[in-house]
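Residue numbers run from 1 in the order of the sequence given. Fair warning: this is a prediction, and the values are worked out from it, not measured in the lab.
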Amino acid sequence: MSEGRPPAAYVPTLLAGRTALVTGGGTGICRGIAAAYARFGADVCIVSRKPDVLAATAKEIGDATGRSVLPVAADVRDPDAIGQAVAACVEKFGKLDTLVNGAAGNFLAPAAALSPNGFRTVVEIDLVGTFIASRSAFEALQQSGDGLVLNISATLHYHGTPAQIHASAAKAGVDAVTRNLAVEWGRFGIRACAIAPGPIADTEGMRRLAPGDLADKARAAIPAGRFGAIDEIAAAAVYLRSPAAAYVTGHVLVVDGGHSIATPSLLGI
């Protein structure tokens, strides 16, 4: 699959009339989600802290899809900045019905060597940022009549993951936020779901967390026998925004080739 092109099972106009704001949309998995949403007809606003990256990504997606993509530089830890991003999206496209919370930070650090500030920073970006963006978008999502909060989680916290206590804690919190928003906001016409990607090729996360020989070891632990593709996560995101998922809420969809459920000692069978 090429970027922004989930399976042909989806009709080209599947997301026509939708408007999505994607945090972390300048790079990686969320760039792929933004590209797929645009390709299937949605208006898209991408948000991150790097204006130059955002501008380049917006142009590339726009050129590939023929749609206008709005780049807005903002830090998800700043309620005022995210509020302004939401307002800019609504002003540009007339509404907001989809929020993808994908801004994240991570690095390898054993717990005994991790500084309190390092722990706090990852939790603030991944978890607090998810809440801030969701809260900032609430009114617009409610007014749309068919809102979706889609959080990008992980599978790190399903087991103890060495050197990932900060990210594991943050993503466990993201899963809790997902379930609570589904329960509280369902009566406002807003669904809340999450995607938990496994090891995904060609992402900054894999380059940082599984460099060199670690990548080979990580691949060997995946029952599917390979890393996932960004487009496979984008395909899941398209599904969750589609009418086919209208009764799906509070669910964390794991897309990891079986990685999180495998017993390492049995993988050679």
Side-chain angles (χ1 to χ4, degrees), residues 1 3-25 28-46 65 67 86 89 93 95-103 130-131 133-134 137-138 140-155 158 171 174-198 200 228-258 260-261:
M1 289 181 285
E3 184 182 60
R5 295 182 182 272
Y10 295 150
V11 298
T13 57
L14 183 63
L15 301 184
R18 296 294 185 189
T19 300
L21 186 153
V22 183
T23 72
I29 285 172
C30 288
R31 183 188 194 280
I33 291 173
Y37 276 11
R39 186 167 299 281
F40 286 97
D43 293 319
V44 177
C45 171
I46 54 174
T65 64
R67 303 196 65 82
V86 169
C89 182
F93 298 120
K95 68 171 187 174
L96 174 64
D97 57 51
T98 307
L99 170 67
V100 179
N101 285 310
T130 291
F131 171 76
S134 300
F138 170 72
L141 294 172
Q142 180 184 11
Q143 290 172 11
S144 77
D146 185 16
L148 172 68
V149 176
L150 178 57
N151 299 324
I152 305 304
S153 185
T155 61
Y158 296 175
K171 294 304 190 182
V174 167
D175 288 358
V177 166
T178 301
R179 290 187 288 268
N180 278 270
L181 291 184
V183 170
E184 290 195 29
W185 289 2
R187 65 191 179 97
F188 299 113
I190 301 171
R191 295 184 296 118
C193 296
I195 297 173
I200 305 300
I230 288 175
D231 279 354
E232 290 174 312
I233 306 303
V238 171
Y239 159 69
L240 288 170
R241 177 60 280 185
S242 78
Y247 203 52
V248 179
T249 192
H251 180 68
V252 179
L253 177 59
V254 177
V255 185
D256 74 344
S260 62
I261 60 171

Problem set entry | Residues which pass salt bridge (charged side-chain N to carboxylate O under 4.0 Å, His left out) with R179, listed by chain and number, not counting sequence neighbours | none
Problem set entry | Residue list, salt bridge (charged side-chain N to carboxylate O under 4.0 Å, His left out) with D256, at least two apart or on another chain | none
Mark yes or no for whether [X], through its side chain, and [Y], through its backbone, hold a donor-acceptor pair below 3.5 Å.
X    : Y    : result
T130 : V174 : no
K95  : C89  : no
T155 : A196 : no

If you define the side chain from C-beta out and look only at heavy atoms, does anything of [X] sit under 4.5 Å from [Y]?
X    : Y    : result
P197 : I29  : yes
C30  : V22  : yes
L150 : I195 : yes
T19  : T98  : no
I152 : V100 : yes
L99  : N101 : yes
L181 : S134 : yes
N151 : C193 : no

For the student: nearest non-hydrogen atoms of [X] and [Y], plus distance:
X    : Y    : answer
Y158 : S260 : CD1-CB, 3.8 Å
G25  : I46  : O-CG2, 3.9 Å
S242 : R191 : O-NH2, 4.4 Å
A36  : A234 : CB-CB, 3.8 Å
L96  : S144 : O-CB, 3.6 Å
V86  : A140 : CG1-CB, 4.4 Å

Problem set entry | Contacts of type ring-ring contact (aromatic ring centres under 6.0 Å, His included), residue F138, not counting sequence neighbours | W185, F188
Exercise. What's the spacing between L21 CG and D97 CG if we round to 0.5 Å?
Worked result: 11.0 Å
Exercise. CD1/I200 to CD1/I230 distance, rounded to the nearest 0.5 angstrom?
Worked result: 8.0 Å
Exercise. Between Y239, F40, Y37, which is the residue that forms a ring-ring contact (aromatic ring centres under 6.0 Å, His included) with Y10?
Worked result: F40
For this session: Output yes when D43 and R18 qualify as a salt bridge under the 4.0 Å nitrogen-oxygen rule, no when they do not.
Result: no
Problem set entry | N-O pairing of R241 and D146 below 4.0 Å | yes
